[in-house]
Amino acid sequence: MSSVVIAIDGPAASGKGTLSRRVAEALGFAHLDTGSLYRAVGVAVLRAGKDPADAHFAAQTARALHPEDGILNDPELRSDEAAEAASKVAVVPEVRAALLDFQRGFAACPPGGLPGAVLDGRDVGTVVCPDATVKLFVTASVEVRADRRLKELRDRGIPAIPSDVLEDMKARDARDSQRAVAPLRPAGDAFVLDTSALTADQAFDAALALIGSKTGVGPLSALGR
Ligand code: C5P
């Protein structure tokens with residue numbers, strides 16, 4: 001039986017990560033944050049003392065990555081330096097190609113024999129899993145996303161200047177959407193969910209309703225499990 005694949009793409013701080021985790025948990029599916037693969041490559045390049053913009057070294061690092069070894073849970077992947085390095089290695093076509101098989105394998109055969117997988121990222125619905133069962137593109141205005149990011153940084157005790165956070169967000173958006181390979185854009189058959197005026201709970205309810213209407217798959221809690 002083929003697995004149910006839910007592709008959730010969107011820009012930085014759109015809320016797609018939290019949403020994807022909640023959706024996967026509610027449906028009893030596996031979850032893959034594909035951004036963590038790019039972050040892992042970026043961090044490995046930095047640890048080797050190299051420049052993430054060094055395409056040759058980045059590609060070599062991506063080919064040597066073993067995501068199943070637990071590297072994706074390294075807390076250092078969550079840093080701003082890791083995000084910055086990730087968006088630089090992500091423009092290299094050979095890096096993207098090296099990470100494809102792992103992502104497709106995860107979608108086709110979710111770990112633990114689970115019946116489905118939720119993958120979130122930038123190009124899941126367009127490149128990684130163009131035949132995904134349901135595609136969602138989660139977005140919000142750049143100002144709303146910068147505000148969310150600012151709050152998240154302050155909650156973690158990291159001082160941040162609002163105008164810097166907004167500029168960083170715009171720069172990362174530009175890099176992600178203007179690159180030649182797998183740029184950030186909604187798949188033609190994706191459902192666009194703008195969360196600018198939604199709470200996390202409202203976005204979650206909207207996503208589950210859409211998935212339910214397309215697949216008939218509902219939350220495990222509704223089954224009393
Ligand atoms: O989603 P996250 O912020 O962790 O992603 C970090 C960076 O990795 C993004 O800015 C993007 O450049 C890259 N990325 C990508 N394709 C994906 C996921 C992430 O290019 N599917």
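Position 1 is the first residue of the sequence, and the numbers go up from there. We count ligands from 1, going down the list as the structure has it; atoms in each ligand are counted the same way. Note that these values count all heavy atoms, side chains included, but never hydrogens, waters or copies made by symmetry.
Side-chain atoms of S3 never come within 3.5 Å of backbone atoms of P115 as a donor-acceptor pair (strictly under, hydrogens ignored). Side chain of K135 to backbone of P130: a donor-acceptor contact under 3.5 angstrom is found. Listed for the S14 side chain is a donor-acceptor partner under 3.5 Å among the backbone atoms of P11.
Under the 3.5 Å distance criterion, with hydrogens and angles disregarded, a donor-acceptor pair is assigned to the side chains of R175 and S87.
Listed by number with element, the atoms of ligand 1 under 4.0 angstrom from any heavy atom of G121 are 18 (C), 21 (N). Heavy-atom proximity to G35, at under 4.0 Å, picks out these atoms of ligand 1: 4 (O), 5 (O), 18 (C), 19 (C). In the vicinity of A86, heavy-atom distances shorter than 4.0 Å reach the ligand 1 atoms 6 (C), 7 (C), 8 (O). Heavy-atom contacts of A90 reach the following atoms of ligand 1: 12 (O), 13 (C), 20 (O) (cutoff under 4.0 Å). Residue K16 approaches ligand 1 through these ligand atoms, each under 4.0 Å from one of its heavy atoms: 1 (O). Listed by number with element, the atoms of ligand 1 under 4.0 Å from a non-hydrogen atom of R172 are 3 (O), 6 (C), 7 (C), 9 (C), 10 (O).
The shortest contact between atom 11 (C) of ligand 1 and any protein heavy atom is with D176 OD1, 3.3 Å. Given atom 8 (O) of ligand 1, the protein heavy atom at minimum distance is Y38 CB, 3.6 Å. Looking only at heavy atoms of the protein, atom 4 (O) of ligand 1 is closest to R39 NE, 2.6 Å. From the protein, the heavy atom lying nearest to atom 17 (C) of ligand 1 is R122 N, 3.4 Å.
Of the N or O atoms in D33, none lie within a sub-3.5 Å distance of an N or O in ligand 1.
Connection of V128 to L184 is not established within any shared hydrophobic cluster, with ILVMFWY side chains joined at heavy-atom distances below 4.5 Å, either directly or through further cluster members. Using a 4.5 Å cut-off between side-chain heavy atoms of Ile, Leu, Val, Met, Phe, Trp and Tyr, with links allowed through other members, L19 and F137 fall into different hydrophobic clusters.
Put simply, the residue from R145, R179, R149 that forms a salt bridge (charged side-chain N to carboxylate O under 4.0 Å, His left out) with D173 is R145.
Salt-bridge formation is not detected for the pair R148/E152: no Lys NZ or Arg NE/NH1/NH2 atom is positioned less than 4.0 Å from an Asp or Glu carboxylate oxygen.
No heavy atom of Q103 sits closer than 4.0 Å to any atom of ligand 1.
Of the listed residues (E84, R96, R175), the one carrying the non-hydrogen atom nearest atom 20 (O) of ligand 1 is R96.
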Exercise for review: Apply the test side chain to side chain donor-acceptor pair (under 3.5 Å) to residues D201 and T199: give CA-CA distance (whole Å), side-chain angles for both, the deciding distance (0.1 Å), then the verdict.
Suggested key: CA-CA 5 Å; D201 283 348; T199 63; 5.4 Å; no

